[in-house]
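Just the heavy atoms: all of them, side chains too, but no hydrogens, waters or symmetry mates, feed the values below. Residue numbers start at 1 and run along the sequence shown.
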Amino acid sequence: MKIYNTLSKKKEEFVPHEQGKVSIYVCGPTVYNLIHIGNARPMIIFDTVRRYMEHKGWQVNYVSNFTDVDDKIIKKAQEEGVESSVISERYIEECKKDMKALNVKTATVHPKATEEIDGMQQMIKTLLENGNAYVAKDGTVYFKTRSFRDYGKLSHKNLDDLRGGNRSLLVSGEDQKEDPLDFVLWKPKKEGEPFWESPWCEGRPGWHIECSVMSKKYLGDEIDIHAGGEDLIFPHHENEIAQSEAANGKPFARYWMHNGFLNIDNKKMSKSAGNFFTVRDIGEKYDLQVLRFFMLSAHYRSPLNFSAELMEAAKNGYERIVTSVSNLNYLLEKAQGDTMRGEEEKLAEEAKGFADKFDAAMEDDFNTADAISAIFELVKFANTNASEESSAAFIKALKEEIVTLSDICGLLVEKAEEMLDEEIEQLIEERQAARKAKNFARADEIRNMLSERGILLEDTREGVKWKRA
């Protein structure tokens, strides 16, 4: 397996720290509102990475945090006149609902920043003892960036260039810094903000320290994969490396994976531009499996453009797979024989070649676009070779192959209760034709089949009407 490592800027063979086990940390959302589709991309991408690794037999410890103390959370709480925890808990639950709707698996652990304050203070103490941090007069604790010689190795930025005046790259923080590049580890409370006692002042942690501490607690000093959006490379992930390696004395993460940006109609997503969409917004127009399919239709490192046209294309692509599985289920109800016959064994072996193509794509830096192409080839193969004359064993083998590969991508392609409208209409037309031909047995068979799948038919003067049960 090859993974593109942001640290080395090249594909590297993946070798986990411990044989048979993989540790992954993915930076999660700041919970002050419903998650938007930009948040959804890394959730879907790295969930798929996890699924593939588990499919290959690795035991995956997957940690993704919730940042539940932040300026935006505090601001929203003040606007509503409630405690910050009310806001964060509300949107953690909403986020979990959206993740479930996207078929994103629950992490092994979903730590919250506010529950890890003791660990953050302990790491800050270690950094102070090691000479990597200092305390300002007001109690703010800063990381001494120049004390970490390798600073900039992830983002490939030069410290002197940063210091030279490119203000857009400077790490934000408070006054009283010894060096403009130093960043905050702990900051004093402000009026009306949540705070914790500390040896330095009543206050709260800086953003960067939380992931270093949670990663260490739940995955150890050195982890296999650290992942997130490419906007986190600098300064967040760069600062995590500096803190973790200065405190632990070990390399932090072996592989750094970052997904590309998501644009809307070729423009950056923003509320002011009127092109900001939450996952819920998209869920009102599409099955969220279509959104997942869309996110996987491009390589994760590539920028991805979201548009109505591309979503329609994704809907059609997803429905091709769902329809194929549905047709195979229909054939399976009619098929006879638990053993393959004639050329079927040879064809079944040929079908496995598409799974090999799928694996080859995923092993090459998780190229989900090519992996989905392999599923489409398998779907076409199944549509061409499965018929009412096929054995149950052959049809079942084809169906299981499609479902297995789709499941690795987190795509639910066998949902009887959610038959496609077009498929229902086709079956109703077939039933009408059967009735006209006085083939009432087939007409009743179609009615019963639709009923079993939650579709109720009603014969009226205006024609056949249907509804979902």
Working note: I45 + M257, criterion side-chain contact (heavy atoms from CB on, under 4.5 Å); need CA distance, chi angles, decisive distance, verdict.
CA-CA 10 Å; I45 293 298; M257 297 178 69; 5.9 Å; no

Stepwise side-chain contact (heavy atoms from CB on, under 4.5 Å) test for S390 and L331
CA-CA 8 Å; S390 300; L331 292 174; over 6 Å; no

Is there a side-chain contact between F277 and L291 (heavy atoms, below 4.5 Å)?
no

If you define the side chain from C-beta out and look only at heavy atoms, does anything of L34 sit under 4.5 Å from V279?
no

Taking the side chain from S406 and the backbone from V403, do they hold a donor-acceptor pair closer than 3.5 Å?
no

Would you call R341 and E389 a salt bridge, taking side-chain N to carboxylate O under 4.0 Å as the test?
no

Residue pair Q243, L185: steps toward the side-chain contact (heavy atoms from CB on, under 4.5 Å) verdict
CA-CA 9 Å; Q243 295 163 162; L185 299 172; 3.3 Å; yes

Here the pair of heavy atoms bringing S307 nearest to D265 is CB-OD1, 3.2 Å

Decide side-chain contact (heavy atoms from CB on, under 4.5 Å) for V49 and I3; before the verdict, give the C-alpha distance in whole Å, the side-chain angles of both, and the deciding distance to 0.1 Å.
CA-CA 11 Å; V49 169; I3 293 179; over 6 Å; no

Is it the case that the side chain of Y4 and the backbone of D364 share a donor-acceptor pair, with hydrogens and angles ignored and the cut-off at 3.5 Å?
no

The reported gap from CG in N65 to NE2 in H110 (rounded to nearest 0.5 angstrom) is 9.5 Å

Under 3.5 Å, side chain of D47 to main-chain N/O of V104, donor-acceptor pair present?
no

Heavy atoms of other groups near D356 CG, more than 12 under 6.0 Å:
yes

Looking at side-chain heavy atoms only, is the closest gap between D70 and W207 below 4.5 Å?
no

K217 and E115 ion-paired at < 4.0 Å
no

With the side chain counted from C-beta on, respond yes when I37 and M269 share a heavy-atom pair under 4.5 Å apart, and no when they do not.
yes

Under the side chain to side chain contact (heavy atoms under 4.5 Å, CB included) test, residues paired with N327 that sit two or more places apart:
T323

Just wondering, more than 12 heavy atoms not from K396 lying within 6.0 Å of its NZ?
no

Test ring-ring contact (aromatic ring centres under 6.0 Å, His included) applied to F381 and F354, step by step:
CA-CA 9 Å; F381 181 86; F354 300 112; 5.5 Å; yes

Test your reading of the model: is there a side-chain donor-acceptor pair from T368 to the backbone of L296, 3.5 Å cut-off?
yes

salt_bridge(E349, K352) N-O dist < 4.0 Å
yes

We want to know whether E240 and Y25 form a side-chain donor-acceptor pair, criterion being a heavy-atom distance below 3.5 angstrom.
no

Is there a side-chain contact between I321 and F376, using heavy atoms and a 4.5 Å cut-off?
yes

Nearest atoms (heavy-atom pairs only) where A242 meets Y151:
CB-CD1, 3.9 Å

Are E54 and R50 within salt-bridge range, i.e. N to O under 4.0 Å?
yes

If you round to the nearest 0.5 Å, how far is CE of M120 from CD1 of I209?
8.0 Å

With no hydrogens and no angle check, do the side chains of T278 and D281 hold a donor and an acceptor under 3.5 Å apart?
yes

Run the salt-bridge test on K157 and E238 with the 4.0 Å N-O cut-off and return the result as yes or no.
no

Using the rule given for side-chain hydrogen bond (donor to acceptor under 3.5 Å, both in side chains), can you reason through N61 versus S23, listing the C-alpha separation, both sets of side-chain angles and the distance that settles it, and then say yes or no?
CA-CA 5 Å; N61 189 354; S23 53; over 6 Å; no

Rounded distance (nearest 0.5 Å) linking atom CZ of F261 with atom CG of L304
13.0 Å

Nearest heavy-atom pair of L102 and R292: which atoms, and what distance?
O-NH1, 3.0 Å

For G317 against F293, the heavy-atom pair lying closest together
C-CZ, 3.9 Å

Between the side chain of N263 and the main-chain N/O of P303, is any donor-acceptor distance below 3.5 Å?
no

More than 12 heavy atoms of other groups within 6.0 Å of K357 NZ
no

Can a donor-acceptor pair be found, under 3.5 Å and without considering hydrogens, that links the side chain of H299 to the backbone of D370?
no

Inspect the contact between R204 and D71 and indicate whether a charged nitrogen and a carboxylate oxygen are less than 4.0 angstrom apart.
yes

Is T114 reaching over with its side chain to a backbone N or O of D68, donor-acceptor style, under 3.5 angstrom?
no

Could you tell me if the side chain of C95 sits less than 4.5 Å from the side chain of P29, heavy atoms only?
yes

For D224 and K21, run salt bridge (Lys or Arg N to Asp or Glu O under 4.0 Å): C-alpha distance rounded to whole Å, both residues' side-chain angles, the deciding distance at 0.1 Å, then the answer.
CA-CA 9 Å; D224 292 315; K21 296 182 179 180; over 6 Å; no

State whether the side chain of E344 and the backbone N or O of S391 hold a donor-acceptor pair below 3.5 Å, judged by distance alone.
yes

CD1-CE distance between I92 and M99, expressed to the nearest 0.5 angstrom:
11.0 Å

Determine, for E319 against K315, whether the closest basic-nitrogen to carboxylate-oxygen distance falls under 4.0 angstrom.
yes

Which heavy-atom pair separates L332 from A392 by the least distance, and what is that distance?
CD1-O, 3.5 Å

Are M295 and N259 side-chain neighbours, meaning at least one heavy-atom pair lies under 4.5 Å?
no

Can you name the one residue among H237, H258, H236 that meets ring-ring contact (aromatic ring centres under 6.0 Å, His included) with H226?
H237

So, does Y32 use its side chain to make a donor-acceptor pair with the main chain of I74 at under 3.5 Å?
no

Rounded to the nearest 0.5 Å, what's the gap from SG on C211 to CG on L232? Could you check?
8.5 Å

Between D359 and K56, is there a salt bridge with N-O shorter than 4.0 Å?
yes

Do E312 and Y286 come close enough that some side-chain heavy atom pair is under 4.5 Å?
yes

Examine the side chains of K216 and N248 and answer whether a donor and an acceptor come within less than 3.5 Å of each other.
yes

Gap between atom CZ of F66 and atom CE of M214 - 0.5 Å precision:
11.0 Å

Within the side chain of T404, is there an N or O that forms a donor-acceptor pair under 3.5 Å with the backbone of E400?
yes

With no hydrogens and no angle check, just 3.5 Å: does a side-chain donor-acceptor pair link Y300 and D365?
yes

Which heavy-atom pair separates L398 from A386 by the least distance, and what is that distance?
CD1-CB, 4.0 Å

Can you see whether S324 engages N383 through a side-chain donor-acceptor pair at a distance of less than 3.5 angstrom?
yes

